[in-house]
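Single-structure report; data block below.
A, B, ... follow the sequence lines: proteins, then strands. Residue 1 opens every chain.
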Amino acid sequence: WLYLREERAQRRRARRRAELRALALGQGDFALLDQEGRRRSKADFRGQWGLLYFGFTHCPDICPEELGKLSRAVALLEREPGLPPVQPLFITVDPERDDVAALGRYVRDFHPRLLGLTGSPEEVRAAGSAYRVYASTGPKDEDGDYLVDHTVLIYLLGPDGLFLDYYGRSKTDVQIAQSVRRHMESYEPLLD
Amino acid sequence: VAKMSAPTMEERKACWGARDEFWQCMDRHGDDASKCEKLRLSFESRCPQQWVKHFDKRRDFLKYKRKLETEGYHPPEATGKS
């Protein structure tokens, strides 16, 4: 019975790979600024694994929770000898307010290697659409404050920059780390 | 136009704490807001207005979800069972 279960799991993973290859999400370059004001493009991360979250610094609860979880998953993976490093990444969906200085203030509460990225509205929109991220700015109140409704997912990026997996709110830090490890062990580039 | 800074981690935690105290009071008093006025004011003072609205909606949603889970669908009573 265990053999059958493993076979089913393998078929599931193969189906998922085929879907991901068809989607090939994350193609195209991005040109963004990190929290130190340095220009970063996708090429800078080629060859590295990444865990990426889209959010905004004025987010009431979900973004800090997901970034906390992402940070803990990266820390768990760091403790395992022999695994390549994972780059934690945060891209804003609120470029109007989340400038370089705002990113700097925000990311320091999370993993020390967390890289925050921002840019012009066009650059940010291009990065979001490469990963099919939904983002919608809500109505402004009298203080000019607003929330941004957005896809809440942590994306696993393979060394080729393409999206290999995603983790929703219900996945724990431990589950994410386990999944990333499995992907690392069985990694083959999605596109030839 | 000056941009308002986003709340820091300390400010976020203070807001969440005030929210939780208010919600616990509401839980204890069957959602009678008049019994929790002081905690409501504390919640509103520690959180941006947008967040207060967001958390109010979250509470309504959680209540609705709980209602579905507890009252929701009653399976038809099986006949012949005591």
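- A:F163 and A:L52 fall within the same hydrophobic cluster, defined by Ile, Leu, Val, Met, Phe, Trp and Tyr side-chain heavy atoms under 4.5 Å apart, directly or through other members.
- From A:D61, atom CG reaches atom CZ of B:R58 across 4.5 Å, with rounding to the nearest 0.5 Å.
- Within the 4.5 Å cutoff, the side chain of B:R12 has heavy atoms near those of the A:D109 side chain.
- Remark: A:R97 CZ to B:S5 OG distance equals 11.0 Å, nearest 0.5 Å.
- The number of heavy-atom neighbours closer than 6.0 Å to NZ of B:K63, taken from other residues, nucleotides and ligands shown, is above 12.
- Proximity to chain B (any heavy atom under 4.5 Å) is restricted, for A:Y106, to the side chain, taken from C-beta onward.
- The environment of CZ in A:R46 is sparse: at most 12 heavy-atom neighbours from other residues, nucleotides or ligands sit within 6.0 Å.
- Within a 6.0 Å radius of OH in A:Y146, more than 12 heavy atoms belonging to other residues, nucleotides or ligands are found.
- Atom-to-atom distance recorded for A:R108:CZ and B:M9:CE is 11.5 Å, nearest 0.5 angstrom.
- Counted within 6.0 Å of NZ on A:K171, heavy atoms from surrounding residues, nucleotides or ligands total 12 or fewer; the atom is thus considered open.
- When every heavy atom of B:W16 is checked against every heavy atom of A:P60, the shortest pair comes out as NE1-O, 2.9 Å.
- Between the side chains of A:D145 and B:Q49, no donor N or O sits under 3.5 Å from an acceptor N or O.
- Note on A:F45 and A:V124: same hydrophobic cluster, where clusters join Ile, Leu, Val, Met, Phe, Trp and Tyr whose side-chain heavy atoms are under 4.5 Å apart, directly or indirectly.
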